[in-house]
Asks: 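Please read through the structure below; I'll follow up with questions.
For ligands, and for the atoms within them, numbers begin at 1 and follow the listed sequence.
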Amino acid sequence: MSTATATDQRVFNFSAGPAMLPLPVLEQARDEMLCLPGVGASVLEISHRSPAFIAIIEAAEANLRTLLGVPDDYAILFLQGGGRLQFWMTAANLIGDLGAQKGKSADYLLTGSWGKQAMAEAKKAGPVRVAYDSSATNFDRLPAPFCEGAAKMDLDPDAAYVHYTCNETIQGVQFPTEPDTGGVPLVCDASSDFLHKPLDISKYGLIYACAQKNAGPAGVTIVVVKKDLVANASPDLPVYCNYNTHIADNSLNNTPPTFSIYIVKLVTEWLMQEFGDLKAVHHHNQKKAGLLYDVLDASPDFYIGHAQPGCRSLMNVAFRLPSDDLTDAFLSGAKKRNLTDLKGHRSVGGARASIYNAMPIEGVEALRDYMVEFRSEQG
Ligand SMILES: *Cc1c(COP(=O)(O)O)cnc(C)c1O
């Protein structure tokens, strides 16, 4: 199969994750697959302690620092175990018996399926409290003042941290800005919107994001952590599960996911080359998501959005159609147009368009056009 054919066969893939990667990233990885320039071997074949790989991981970190404006008192780590290991690891390092703030409890904002699972895992490490829970309305909203009429957060001013999921991938509910915790550090699961806009890092104690949604491929989880927050965690924690291990060893205590880190380096380079900065990335994402929400707003009885206004995600647009038959017809018609992986998660039903950084606006426009046409065909 020639390369041109492979590229021509690519669809607009709306998968929630692993998700689309930018084509220039895939092309560069292909070109360098047999041999990194000047290295004589593929990135898959070199030691994680070789100068060539050290240059790659340092560049990936430097790109993230530049894009997000991460100050020196924060470490950037490249870990394994996915978002799910972080659910427990954050709590173990902070509120667990071996944690830096043993004796304190942590507040959790439950705004979707992922936040709920994060708390369930954290509970195995230490005491947790529910500070907000929208499960009664199937996680369609955020606390007031983000969503009008919603309950407020019930925060413990002495909590070790407030954990929240800035973008709930399944429900398509996203915080437009950080919740106000009155100075209690935020611990944030940013797995499905990391790098989609600039962040005020100083509000955070710790941010974690598995890469396979918006930042790269599966296999690596990026952690941005304020070093002094975790410094007092006990050395009796399992070595891998202690953030201080990875802070001290620059993510090279054990063999890190070298290929995934290499792709994160290429993705961050692509962001800088294509957009310049995350402000421009954010603007682009607002424009893309706006195309789809405009269709929902024009036909609110046909494309029924899951998220309440005020908390609609720029990354995952979740909506239902009036019946299962129409949903099936919608999805199969989309597939015929090479618009794939639009099925919603079973807990929400309907359809979900994941439109991360790598989804070109042409893909969103093609989906928008199809949605308008499908609607008008139904009379
Ligand atoms: C996908 C996802 C996870 C789980 O990540 P894994 O790498 O599969 O463990 C956690 N949180 C959010 C918000 C996600 O979207």
Asks: Using 4.0 Å as the upper bound for N to carboxylate O, is an ion pair formed by Asp154 and Arg129?
Replies: yes
Asks: State plainly whether the residues Asp277 and Lys197 are in salt-bridge range, i.e. N to O under 4.0 Å.
Replies: no
Asks: Please determine whether residues Tyr303 and Leu367 belong to a single hydrophobic cluster, defined as Ile, Leu, Val, Met, Phe, Trp and Tyr linked transitively by side-chain heavy-atom distances below 4.5 Å.
Replies: yes
Asks: Taking the six-membered ring for Trp, are Tyr132 and Tyr164 closer than 6.0 Å centroid to centroid?
Replies: no
Asks: Using a strict cut-off of under 4.0 Å between a residue heavy atom and any atom of ligand 1, list the qualifying protein residues by chain and number.
Replies: Gly82, Gly83, Arg84, Phe87, Trp114, Thr165, Asn167, Thr169, Asp189, Ser191, Ser192, Cys210, Gln212, Lys213
Asks: Under 4.0 Å between a side-chain nitrogen and a carboxylate oxygen: does that hold for Glu121 and Lys124?
Replies: yes
Asks: Under 3.5 Å, is there a donor-acceptor pair between the Gln80 and Tyr240 side chains?
Replies: no
